[in-house]
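Each ligand, and each atom within it, is numbered from 1 in the order the structure gives.
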Amino acid sequence: MSYENLAGRVAVVTGAASGIGEAVAVTLAAQGAKVALLARRAERLDAVVEKIRADGGQALATAADVTDDASVAAAVDRVHEAYGTVDLVVNNAGVMLPHPIEDARVDEWRSMIDTNLTGVLRVTGAFAEDLTEAAERGRSADLVNVSSIAAHLTGFPGFAVYGATKAAVTHLSALLRSEFGPRNVRVTNIEPGVTETEIAAHLDGEGQEQIDGLIEVSGTLAAGELADVVAYVTSRPRHVNLRQIMVLPTRQV
Ligand SMILES: NC(=O)c1ccc[n+]([C@@H]2O[C@H](COP(=O)([O-])OP(=O)(O)OC[C@H]3O[C@@H](n4cnc5c(N)ncnc54)[C@H](OP(=O)(O)O)[C@@H]3O)[C@@H](O)[C@H]2O)c1
């Protein structure tokens, strides 16, 4: 699909080494945006950037860990040096590590909270001034947070902490509009349903069975279909803010 208004935008996409983030980076670049790709695996980012450039797009690989202050600060410097002020931030990096609560996997709870929630806050804080500055200069400015349908699901034992981090992102997105909206910065929260990516690669045992069962019943979305939604919301006229979007495979109920 083709979207106007994205050419010349300066975007940062976290979790761009695979799945939804990779697809978002490729789609935005194909529409003429300059895209900085953030994730921990440098070689995966390099491969995506190479693909984007081969197709005539502009992209920059910035290996960074969203759970680490210094790593994000260094990435911000690299993005500013290459592209200047950022006007589109997609907080997409996330991990899903389900286990029954009695397993008391403090390590996994910490990883999900640090990545899915504090990571979103850290990256948002790092680029907040860019977004408001860009909007002040009359440019479109967007903060897009990738939450999950898991923010609302209550029938998935083992996924409580993941769902709680995503519920926090959904609520955070709504609350941030009171700070960003009056300054012409849009905030969009996207809640995908089951999407075919690498996210389930970290699962074992019961968690894997639950996801496999869900996929069998629901089918899946493709990462590119979520990227299409991101391109759509960020290419509306700047006074139009799609605040909250749930995107599900038709059969996922
Ligand atoms: N797939 C689904 O069904 C689904 C449904 C609803 C919501 N979501 C959400 O969609 C988002 C993208 O996930 P996905 O499905 O595309 O899975 P994915 O393919 O596993 O992508 C996750 C991305 O996040 C990056 N990442 C993880 N931890 C990071 C960290 N500490 N710092 C920087 N980057 C980090 C990963 O790259 P590195 O490992 O290289 O860092 C990877 O590029 C997540 O927030 C997920 O919760 C997915």
Gln208 CD: over 12 foreign heavy atoms closer than 6.0 Å: yes

Ligand 1-proximal atoms of Glu196, by part, heavy-atom distance under 4.0 Å: neither

Atoms in ligand 1 with a heavy atom of Val66 nearer than 4.0 Å: 30 (C), 31 (N), 32 (N), 33 (C)

Glu81, CD atom: more than 12 neighbouring heavy atoms under 6.0 Å: no

side-chain contact (heavy atoms from CB on, under 4.5 Å) partner of Thr14, chosen from Leu38, Val120, Leu37: Leu38

Proximity to ligand 1 by part of Ala150, non-hydrogen separation under 4.0 Å: neither

Contacting atoms of ligand 1, where contact means under 4.0 angstrom from a heavy atom of Val146: 9 (C), 10 (O), 11 (C), 45 (O)

Whether Arg238 side chain and Ala135 backbone form a donor-acceptor pair below 3.5 Å: yes

Protein heavy atom at shortest distance from atom 36 (C) of ligand 1: Arg41 NH2, 4.0 Å

Option whose closest heavy atom lies nearest to atom 12 (C) of ligand 1, chosen from Leu248, Val95, Asn92: Asn92

Ligand-residue contact atoms, ligand 1 with Lys166, heavy atoms, under 4.0 Å: 44 (C), 45 (O), 46 (C), 47 (O)

Identity and distance of the protein heavy atom lying nearest atom 3 (O) of ligand 1: Thr195 N, 2.8 Å

Under 3.5 Å donor-acceptor, Thr234 side chain and Tyr232 backbone: no

Closest protein heavy atom (residue, atom, distance) for atom 13 (O) of ligand 1: Ile199 CD1, 4.0 Å

Interfacing atoms of ligand 1 (cut-off 4.0 Å, heavy-atom, Asp65): 30 (C), 31 (N), 32 (N)

Ser148, any N or O under 3.5 Å of ligand 1 N or O: no

Nearest protein heavy atom with distance in Å, relative to atom 35 (C) of ligand 1: Ala93 CB, 3.6 Å

Asp87: which of Lys34, Arg137, Arg9 passes salt bridge (Lys or Arg N to Asp or Glu O under 4.0 Å): Arg9

Thr188 backbone acceptor or donor facing Ser173 side chain under 3.5 Å: no

Residues that Arg186 engages under salt bridge (Lys or Arg N to Asp or Glu O under 4.0 Å), provided they are two or more places apart: Asp142

Closest candidate by heavy atom, reference atom 29 (C) of ligand 1, pool Gln252, Arg40, Met112: Arg40

Heavy-atom nearest option to atom 7 (C) of ligand 1, drawn from Ser147, Ala201, Gly94: Ser147

Atom 33 (C) of ligand 1 - nearest protein heavy atom and its distance: Ala64 O, 3.5 Å

Distance filter under 4.0 Å to Ala17 heavy atoms, resulting ligand 1 atoms: 37 (O), 40 (O), 43 (O)

Nearest-contact summary for atom 5 (C) of ligand 1 - protein heavy atom, Å: Gly193 O, 3.2 Å

Exceeds 12 heavy-atom contacts within 6.0 angstrom, atom CD of Glu196: no

Atom NE2 of His152 with >12 non-hydrogen neighbours under 6.0 angstrom: yes

The one among Ala151, Ala25, Ser18, Gly19 that brings a heavy atom closest to atom 21 (O) of ligand 1: Ser18

Positive for side-chain contact (heavy atoms from CB on, under 4.5 Å) with Val146, one of Val230, Leu226, Asn92: Asn92

Under the salt bridge (Lys or Arg N to Asp or Glu O under 4.0 Å) test, residues paired with Asp107 that sit two or more places apart: Arg105

Protein heavy-atom partner closest to atom 16 (O) of ligand 1 - residue, atom, separation in Å: Ile20 N, 2.8 Å

Arg110 CZ: over 12 foreign heavy atoms closer than 6.0 Å: no

Location of contacts on Thr115 toward ligand 1, heavy atoms closer than 4.0 Å: side chain

Atoms of ligand 1 close to Tyr162 [distance to a heavy atom under 4.0 angstrom, numbered from 1]: 7 (C), 8 (N), 46 (C), 47 (O)

Geometric N/O contact Val194 with ligand 1, under 3.5 angstrom: no

Test side-chain hydrogen bond (donor to acceptor under 3.5 Å, both in side chains) applied to Asp65 and Thr67, step by step: CA-CA 5 Å; Asp65 183 338; Thr67 69; 2.7 Å; yes

Thr67 N/O to ligand 1 N/O under 3.5 Å: no

Check: Gln31/Ser235 side-chain N/O donor and acceptor closer than 3.5 Å: no

Gly15, any N or O under 3.5 Å of ligand 1 N or O: yes

Val24, Leu221, Thr197, Asp114: member with heavy atom nearest to atom 15 (O) of ligand 1: Thr197

